[in-house]
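One structure is given here, and the rest of the page talks about it.
Model, not experiment: these values are computed from the prediction. Protein chains get the first letters and strands the later ones, always in sequence-line order, with residue 1 at the start of each.
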Amino acid sequence: MIGATTTDNGANGLVRLFLLVGLGVFALFPLVGSTFYVQLGTKVMVFAILAMSLNLLVGFTGLVSLGHAAFFGIAAYSVYFFTPGFTAASVWWTLPAAVGLAGLAALVIGALSLRTKGIFFLMVTLAFGQMVFFLFHDTPIGGSPDGVYVNAVPTFDALGIDLPELRDRYQLIEGGARAPFTLYYVTLACMLAVYAFLAVLLRSLFGHVIKGIRVNEHRMRALGYPVYGYKLASFVIAGLLGGLAGYLWAVQSLFVNPELAGWHMSAEILLMVILGGMGTIYGPILGALALEALRELAEIAIEYGVTASNAIGLTEMDPHRAATDYYLLVEGVVIIAIVIVLPRGLSGLIEDLAAYLRSGRRSAKGEAEQAT
Amino acid sequence: MSFDVFADPAIFLVQLLNATQQGLLLFLIASGLTLIFGIMGIINLAHGSFYMVGAYAAYAVAEATGSFWLALPIGVAAGIALGYVLERLLFRFFYERDHLYQVLLTFGLILIFEEVRGMMFGEDTHRALTPEALDFSIPLLGVQSYPAYRLAISVICLLVALGLYLLISRTRLGMMIRAGAYNREMVQALGINITFVYAAVFGLGTGLAALAGLLEAPVASVEPGISGRYLIISFVVVVIGGIGSVKGAFYGALLIGFVDTFAKVIVPEAAGMSVYLLMAAVLLWRPTGLFGRPA
């Protein structure tokens with residue numbers, strides 16, 4: 001049995017404190033971070049949304065999908081479809097349309113895939129994901145197998161007032177003031193909204209039913225719940241949220257390629273979910289953050305290592321190239337280490353720590369009471 | 001869309017032979033995958049990496065010794081040994097764990113295989129030597145001719161398929177494999193050394209994938225990323241044929257070989273999607289595959 005080991009969605013006090021501190025760090029980060037790291041932060045939050053959406057399936061409904069990147073890719077490509085030339089389109093219709101397309105795809109793919117179970121479901125979602133990959137890779141719809149540029153940032157206005165452009169600017173505004181990192185804060189707001197939405201959803205009757213399906217599908221069916229419908233609804237919601245992430249990704253990078261929908265991407269999202277821990281709503285955020293941090297740290301470590309071994313004449317490599325070349329080796333080893341030693345992910349570690357601190361305090365309090 | 005392929009019987013025959021060869025190669029890969037699924041319940045995304053091991057072994061050994069026939073046993077042995085060692089070191093700890101963790105474990109292995117390949121062979125594209133004895137073409141109808149080596153691939157694959165059939169249906173090991181696929185616990189309870197059967201099946205499966213890589217190396221490029229060349233499509237074969245069914249893998253692989261080859265000729269821009277559409281159609285009709293046991 002996989003999935004939640006703790007009864008999440010009512011995070012306890014210590015965990016809640018941890019989350020609030022984390023939120024503060026996210027909110028204040030652009031005040032201190034360089035443009036490069038703020039853009040990286042936006043990317044991390046986009047992946048956090050994507051991983052949270054997959055976690056609804058994997059961690060809470062018990063459906064291991066290996067084709068989730070398809071919905072990410074479809075929404076990302078939609079931004080390209082909706083801005084064919086250099087004319088920007090408004091966020092207010094492109095966002096719902098892109099997310100809607102992803103949801104529609106999830107409805108069709110889910111309706112077919114959910115006829116199967118377990119390992120079959122995994123492989124069928126994998127295959128459908130590849131079908132979407134080839135749709136963008138081979139057919140004229142996708143433009144080019146190497147990817148295409150989105151030429152205009154969607155316009156973002158409210159009640160006739162132009163809001164700042166949806167970008168994390170590259171340079172400081174005149175006079176040393178910081179550029180408004182609009183996209184960063186829009187993405188942060190989206191991430192919080194997705195978190196809140198999932199928290200409410202999982203507390204609702206719907207949430208209890210899908211969690212019941214994860215634990216014992218037959219019993220839920222015997223209780224009279226239309227299990228297929230609930231699973232499909234969960235699949236479509238996950239697809240919609242994954243689409244939101246895809247839209248934000250396309251707006252940030254202004255470039256989309258078939259790999260966004262490919263199975264390597266699906267596996268990476270799954271990795272974020274597991275790394276963060278699938279029993280909790282916030283786990284995948286940690287996973288997305290940790291994976292990006294790992295990438296940065298590993299590249300820095302490899303660069304230093306190669307520079308050092310060059311200096312003593314052991315190797316003759318370009319440190320920067322070695323970092324990008326060998327990063328995946330580090331990632332591979334780390335993935336295997338995680339599945340072996342940390343199956344409940346980082347949030348499992350945090351929950352354990354919180355439980356330990358709580359029990360420690362309780363026993364200390366008990367001893368104090370006994371002493372008096 | 002163009003149906004010219006059906007107009008000229010010679011071109012049609014060439015495509016027919018190509019489809020058969022691709023289907024049979026696919027069978028070598030998918031049969032290992034389906035056996036490993038069926039008996040150990042392991043979903044092995046790194047299966048394609050053994051195809052890569054075979055292809056690079058063909059290139060490296062043939063380059064070093066000048067003999068393709070020497071590369072064949074060495075490459076297959078490497079595939080079997082590597083599979084056996086990984087089963088003992090890693091996979092056996094994952095039999096009872098959720099498929100989710102198996103997916104991640106094997107995804108991690110793919111990355112490691114690919115990086116080690118990069119360190120050993122670099123990022124250039126290579127091609128293995130065609131064995132000299134088979135380096136000629138056989139004339140077909142009219143002006144068309146067909147490389148003898150490509151025909152030899154099909155013949156070797158058919159012989160391997162026959163051997164696999166005999167192994168599974170006629171030998172004691174085959175009996176254990178069939179029983180293991182049907183009911184693991186019962187086989188264990190009867191006192192059969194399931195540990196050995198598992199390691200043997202794993203080595204057999206990875207050896208077959210390596211053989212496919214070896215055989216195809218002289219006619220397809222040996223390059224970075226080839227571990228993914230047949231990976232997903234062999235999963236589709238397993239889904240279509242039914243998990244654990246070698247017979248299903250055989251017919252499924254041939255079906256995919258034909259659909260893929262002819263789709264590339266008839267509708268090139270949608271060829272990549274064709275096999276997945278086929279899979280969707282099969283699943284609508286039979287959710288457990290053509291030869292799968294109903295769940």
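Only the side chain of Pro140(A) comes within contact range of chain B, with at least one heavy atom under 4.5 Å from a heavy atom of that chain. There is no contact between Phe93(B) and chain A, counting heavy-atom distances below 4.5 Å. Both the backbone and the side chain of Thr139(A) come within contact range of chain B, with heavy atoms under 4.5 Å apart. Only the side chain of Phe94(B) comes within less than 4.5 Å of a heavy atom of chain A; its backbone N, CA, C and O stay farther away. Heavy-atom distances place the side chain of Met279(B), and not its backbone, under 4.5 Å from chain A. For chain B, the nearby parts of Leu328(A) are the backbone and the side chain; heavy atoms of each come within less than 4.5 Å. Proximity to chain B (any heavy atom under 4.5 Å) is shown, for Ile340(A), by both the backbone and the side chain. Both the backbone and the side chain of Ile119(A) come within less than 4.5 Å of a heavy atom of chain B. Using a 4.5 Å cut-off between heavy atoms, Val103(B) touches chain A through its side chain atoms alone. Proximity to chain B involves both the backbone and the side chain of Val124(A), based on heavy atoms less than 4.5 angstrom apart.
For the residue pair Asp98(B) and Val64(A), the shortest heavy atom distance occurs at OD1-CG2, 4.2 Å. Nearest heavy atom pair, residue Val58(A) against residue Leu270(A), reads CG2-CD1, 3.8 Å. Nearest heavy atom pair, residue Leu66(A) against residue Leu45(B), reads CD2-CD1, 4.3 Å. Of all the heavy atoms in Leu57(A) and Ser65(A), the pair that sits closest is CD1-CB, 4.1 Å. Across all non-hydrogen atoms, the minimal contact from Thr34(B) to Ala249(B) is CG2-CB, 4.1 Å. Between Ala46(B) and Leu109(B) the shortest heavy-atom distance is CB-CB, 4.0 Å.
For residues 227-234 of chain B, heavy-atom neighbours of chain A at less than 4.5 Å comprise Leu231(B), Ile232(B), sorted by residue number. Against chain B, the residues from residues 257-269 of chain A that qualify, each with a non-hydrogen atom under 4.5 angstrom away, are Trp263(A), His264(A), Ala267(A), Glu268(A) in number order. Listed in order of number, the residues of residues 283-293 of chain A that approach chain B to under 4.5 Å between heavy atoms amount to none. Interface with chain A: from residues 254-272 of chain B, residues Glu269(B), Ala270(B), Gly272(B) qualify, criterion being any non-hydrogen pair under 4.5 Å.
Heavy-atom pairs under 4.5 Å with chain B were tallied for Arg115(A), Lys117(A), His137(A); the largest tally goes to Arg115(A). Interface summary for chain A: among Leu90(B), Leu277(B), Val236(B), Val275(B), the most heavy-atom pairs under 4.5 angstrom belong to Leu277(B). The candidate with the highest count of non-hydrogen atom pairs below 4.5 Å against chain B, out of Leu135(A), Val334(A), Val330(A), Ile338(A), is Leu135(A).
Remark: side-chain polar atoms of Thr206(B) are not paired, donor with acceptor, to backbone N or O of Phe50(B) under 3.5 angstrom. Arg92(B) places a side-chain N or O within donor-acceptor distance of the main-chain N or O of Arg88(B), the cut-off being under 3.5 Å. At distances below 3.5 Å, at least one donor-acceptor pair connects side-chain atoms of Arg97(B) with backbone N or O atoms of Val339(A). The closest donor-acceptor contact from the side chain of Ser221(B) to the backbone of His126(B) lies at 3.5 Å or more, if one exists at all. At distances below 3.5 Å, not a single donor-acceptor pair connects side-chain atoms of Arg295(A) with backbone N or O atoms of Tyr327(A). Looking at His47(B), its side chain does come within 3.5 Å of a backbone N or O of Ile29(B) through a donor-acceptor pair.
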- side chain to side chain contact (heavy atoms under 4.5 Å, CB included) between Ile213(A) and Leu63(A): does it pass, once the steps are laid out? CA-CA 10 Å; Ile213(A) 291 172; Leu63(A) 294 169; over 6 Å; no

- Tyr251(B) and Phe291(B): CA distance, side-chain angles, deciding distance, ring pair (Phe, Tyr, Trp, His ring centres under 6.0 Å) verdict: CA-CA 9 Å; Tyr251(B) 293 114; Phe291(B) 294 90; 5.6 Å; yes

- Task: Please step through side-chain hydrogen bond (donor to acceptor under 3.5 Å, both in side chains) for the pair Glu299(A) and Tyr326(A), ending with a clear verdict.
- Result: CA-CA 8 Å; Glu299(A) 287 188 357; Tyr326(A) 300 135; over 6 Å; no

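Put simply, CG on Leu86(B) and OG1 on Thr106(B) are 11.0 Å apart, with the number rounded to the nearest 0.5 Å. Rounded to the nearest 0.5 angstrom, Phe91(B) CZ and Glu87(B) CD are separated by 8.5 Å. In this structure, Leu208(B) CG and Leu35(B) CG are separated by 8.0 Å, a value rounded to the nearest 0.5 Å.
Classification of the Phe235(A)-Phe71(A) ring pair by plane angle, with boundaries at 30° and 60°, yields perpendicular. Using cut-offs of 30° and 60° on the angle between ring planes, the pair Tyr56(B) and Tyr59(B) is perpendicular.
Ion pairing between Arg221(A) and Glu217(A) holds under the 4.0 Å rule for side-chain N and carboxylate O.
A cation-pi arrangement is not found for Arg117(B) relative to Phe121(B), the charged atom failing to lie both closer than 6.0 Å to the ring centre and inside a 45° cone about the ring normal.
The side-chain heavy atoms of Ile177(B) and Ile39(B), taken from C-beta on, include a pair separated by under 4.5 Å.
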